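The structure displayed is predicted, hence computed values, not measured ones. Side-chain atoms are counted along with the backbone in the values below, which use heavy atoms only and exclude waters and symmetry mates.
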There are 2 protein chains.
Amino acid sequence: MRIGILAKLAACDVETVRYYEREGLLEKPERAASGYRHYAPRHLEALQFIRHCRSLDMKLAEIRQLLDFRRLPERDCSGINALLDAQIARVLQQIQMLESLKEQLYLLRAECEQRQSAQGCGILRSLNDAAMGRPCPCHEP
Amino acid sequence: MRIGILAKLAACDVETVRYYEREGLLEKPERAASGYRHYAPRHLEALQFIRHCRSLDMKLAEIRQLLDFRRLPERDCSGINALLDAQIARVLQQIQMLESLKEQLYLLRAECEQRQSAQGCGILRSLNDAAMGRPCPCHEP
DNA sequence: CCAACACCCTGGAGCAGCTACAGGGTCAAG
DNA sequence: CTTGACCCTGTAGCTGCTCCAGGGTGTTGG
């Protein structure tokens, strides 16, 4: 199957497939005389594996490791668990950061409800206060 | 004040300061005969403004706009509100995405509790299932 | 007065994970 | 035989920095 079909079946961009090949994530396919890549079903599986992992927001380096586990199924799987735990920890941390960010933004947003000149805008005033080291709603103790 | 002091006061890296200057966010400072940058207090204010906005995870393009509002205080401030609303929307969306990601990861993690060979690992099996288009715990309907 | 060391300069490359060209070649349908 | 869809390589761009290499400057201590 040609790269366009493969990409469509895996719901990703052709450029992305070539990128994964360059990065060594996806095995190099056969080439036709024309130079066109020709993929076997196993390539589609691997690509879908990669895309699924990406949809779980794993990094390419981690996916590389998972692909190794896939190739060497006799290996101890504790590395897989650790990898997933690290990923979960990362996600939890990001959520926490975004939650506090959300709070700060809400407080800041509340500083200006009506349309006025920027001079009178509470948001800009608060941002300026913060820049001057004065207390501001979004960064209070 | 020299760049090292400025950077320390704003709690950021010297390279970052130079980067902001290159990007046109921070006004170019005076130069000593030696070529060293010399900053006035207004530069520190501007830098702290930028860093504060960055701590709210605003993009540099947005901060550029906010700096314009700061320079032209007679302008209508509705752009500021819109900008902040967009930022809040972005954060909410990210939180939502991460929450669903978290759920998926938990489900996947539950597939393998004990140490074993990768062959028997439920996590790897689930990831493989997903790659084959079969149902998997993290991506069920 | 000189050495040592901290600081500063520029220009360029690197990170992650793609995406988007430019400038070509290939292939199937009508 | 032409049109249009596809494919190729190589390179550059995105974001927001960060980190060199290979130099110059400024200050402090002996």
In this structure, how many angstroms lie between the P atom of dC8(D) and the CG atom of Leu6(A), rounded?
11 Å

Residue Gln96(A) excluded, over 12 heavy atoms near CD under 6.0 Å:
no

Residues of residues 7-16 of chain A with any non-hydrogen atom less than 4.0 angstrom from an atom of DNA chain C: list those, numerically ordered, please.
Asp13(A), Glu15(A), Thr16(A)

Whole angstroms only, please: what is the CD1-C1' distance between Ile3(A) and dC27(C)?
17 Å

What's the OH-P distance between Tyr19(A) and dT9(D), to the nearest Å?
17 Å

For Leu98(B) and Leu98(A) the tightest heavy-atom approach is CD1-CD1, 3.4 Å

Mind calculating the distance between NZ (Lys59(A)) and C1' (dG17(C)) to the nearest angstrom?
12 Å

Determine the contact category for Arg2(B): base if any of its heavy atoms lies under 4.0 Å from a base atom, sugar-phosphate if only primed atoms, P, OP1 or OP2 are that close, otherwise nothing.
sugar-phosphate

Mind calculating the distance between CG (Asp57(A)) and P (dC18(C)) to the nearest angstrom?
10 Å

Where along residues 23-41 of chain B does a heavy atom fall under 4.0 Å from DNA chain C?
Arg31(B), Gly35(B), Tyr36(B), Arg37(B)

For Tyr39(B), is the NZ or CZ atom of Arg2(B) found under 6.0 angstrom from the centre of its six-membered ring and inside 45 degrees of the ring axis?
no

Could you give me the CA-CA distance, side-chain angles and deciding distance for His38(A) and Met1(A), then say whether side chain to side chain contact (heavy atoms under 4.5 Å, CB included) is met?
CA-CA 5 Å; His38(A) 275 289; Met1(A) 121 190 64; 6.0 Å; no

Mind checking if Arg64(B) touches a base, just sugar-phosphate, or nothing, with heavy atoms under 4.0 Å?
nothing

So, His43(A) side chain and Ala40(A) main chain: donor-acceptor pair closer than 3.5 Å or not?
yes

Nearest whole angstrom, please: distance from the C1' of dC17(D) to the CD of Glu21(B).
15 Å

Could you walk me through whether Glu62(A) and Arg90(A) pass the salt bridge (charged side-chain N to carboxylate O under 4.0 Å, His left out) test, one step at a time?
CA-CA 13 Å; Glu62(A) 296 172 328; Arg90(A) 230 175 23 230; 3.0 Å; yes

Relative to the 5' end of DNA chain D, which residue comes earlier, Arg54(B) or Arg22(A), by the nucleotide with the nearest heavy atom?
Arg22(A)

Residue Leu60(B), side-chain heavy atoms: nucleotide from dC7(D), dC18(C), dC17(D) that is nearest
dC17(D)

Could you tell me how far apart Leu47(A) (CG) and dC18(C) (C1') are, to the nearest whole angstrom?
14 Å

Are the charged groups of Glu99(A) and Lys102(A) less than 4.0 angstrom apart, N to O?
yes

Looking only at non-hydrogen atoms, find the nearest pair between Ile63(B) and Ile50(B) and report the distance.
CD1-O, 3.9 Å

side-chain hydrogen bond (donor to acceptor under 3.5 Å, both in side chains) test vs Asp68(A) passes for just one of Arg71(A), Arg70(A), Gln65(A), Arg64(A), namely Arg71(A)

